[in-house]
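Following: one structure in structure tokens, then a few remarks.
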Amino acid sequence: MDFADILNQWDARQKNAPAKKTQDGKSHKKANAPTKEEKEAMRQGYSLQEQAEHQMQKDGARKANPMTVWLNRYGTVDKDKVADQAEERARLSNREYLHDLRPQATIDLHGLTRDEAWPRLEAFVSTCHKRGLKKILIIHGKGNHSTGNDPVLGPMVRLFIEQDKRLGLSGHPDRNNGGNGATWVLIK
């Protein structure tokens, strides 16, 4: 065996061997060397552009699954979520459930004048509405410390509830939770 045969064997092994990486993790392959697919396309006489167009034609010829197309267009429905929402609506329409539901937020207007209480109540209701709360409690007192004969905050709270379209059914809690000195309100 002469030196030319040894070189030919070495070249054959190098062509069949995968690209080795050096210790720094880089391949010895040239940066812009053609891939196997590009070499095959060149052997068949195609340019890269023609090969890409041919692949696009093959992809376009495939038929889409009608079920996949429908699901992509219309999505799916979470039946458990729909059932939970229907159950929640049914519970909220039940008057006893609403009366027994604990208030999720409370505001205390004791010691405020009518002019101070109105904007605070407005801000409180806006915040509760944005948070998605269902029932709130407004503590206004019975008017024992009001100057004059008539209480100030109780009628103001009733007027506010009547005028605000976000508020619905209202009532007074039992004695232990404020009685006539507080008002619970449902938020629509």
Side-chain angles (χ1 to χ4, degrees), residues 1-108 119-139 164-169 184-188:
M1 183 186 262
D2 64 353
F3 188 68
D5 292 333
I6 294 172
L7 285 177
N8 287 337
Q9 286 179 356
W10 188 80
D11 283 339
R13 286 184 189 159
Q14 290 299 317
K15 287 182 183 178
N16 294 335
K20 295 181 181 177
K21 294 188 177 187
T22 61
Q23 290 178 348
D24 61 353
K26 295 182 181 176
S27 173
H28 292 288
K29 186 178 172 185
K30 292 181 181 177
N32 293 330
T35 62
K36 287 182 182 179
E37 293 84 14
E38 292 171 338
K39 288 179 183 176
E40 183 64 31
M42 284 186 251
R43 277 190 219 123
Q44 293 177 1
Y46 291 123
S47 69
L48 277 164
Q49 180 68 26
E50 291 171 335
Q51 183 185 5
E53 289 173 0
H54 179 68
Q55 184 64 36
M56 286 174 39
Q57 287 175 352
K58 282 178 28 181
D59 291 343
R62 293 183 193 152
K63 296 280 184 183
N65 182 353
M67 182 64 75
T68 305
V69 172
W70 190 89
L71 287 172
N72 288 339
R73 182 176 296 159
Y74 299 110
T76 59
V77 176
D78 185 358
K79 292 180 181 178
D80 293 332
K81 184 177 178 183
V82 171
D84 290 344
Q85 289 173 344
E87 185 179 318
E88 181 70 17
R89 280 194 301 273
R91 270 191 286 159
L92 291 176
S93 65
N94 184 352
R95 208 171 167 95
E96 289 176 18
Y97 172 77
L98 292 173
H99 191 272
D100 294 339
L101 182 69
R102 299 192 83 203
Q104 297 166 314
T106 303
I107 185 170
D108 190 351
R120 285 198 190 176
L121 189 56
E122 201 167 86
F124 175 72
V125 169
S126 295
T127 303
C128 292
H129 186 261
K130 286 179 186 174
R131 288 176 51 200
L133 302 181
K134 299 291 181 200
K135 187 174 182 180
I136 59 174
L137 183 66
I138 304 167
I139 300 172
D164 196 325
K165 294 180 181 179
R166 299 171 292 185
L167 302 178
L169 190 64
W184 59 262
V185 186
L186 297 178
I187 300 176
K188 293 180 184 177

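Heads up: numbering here begins at 1 and tracks the sequence. Excluded from the calculations below are hydrogen atoms, water molecules and symmetry mates; all remaining heavy atoms, backbone and side chain alike, are included.
Side-chain atoms of Asn8 do not come within 3.5 Å of backbone N or O of Asp11 as any donor-acceptor pair.
The distance from the NZ atom of Lys135 to the OG1 atom of Thr106 is 10.5 Å, given to the nearest 0.5 Å. With values rounded to the nearest 0.5 angstrom, Gln14 atom CD is found 12.5 Å from Gln9 atom CD. Rounding to the nearest 0.5 Å places CG of Leu186 at 10.5 Å from NZ of Lys188. Rounding to the nearest 0.5 Å gives a distance of 7.5 Å between CG of Asp164 and CD of Glu122.
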Stepwise, does the side chain to side chain contact (heavy atoms under 4.5 Å, CB included) test hold for Ile107 with Ile136? CA-CA 8 Å; Ile107 185 170; Ile136 59 174; over 6 Å; no
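Residue Arg166 places its CZ atom among more than 12 non-hydrogen atoms of other residues, nucleotides or ligands, all under 6.0 Å distant.
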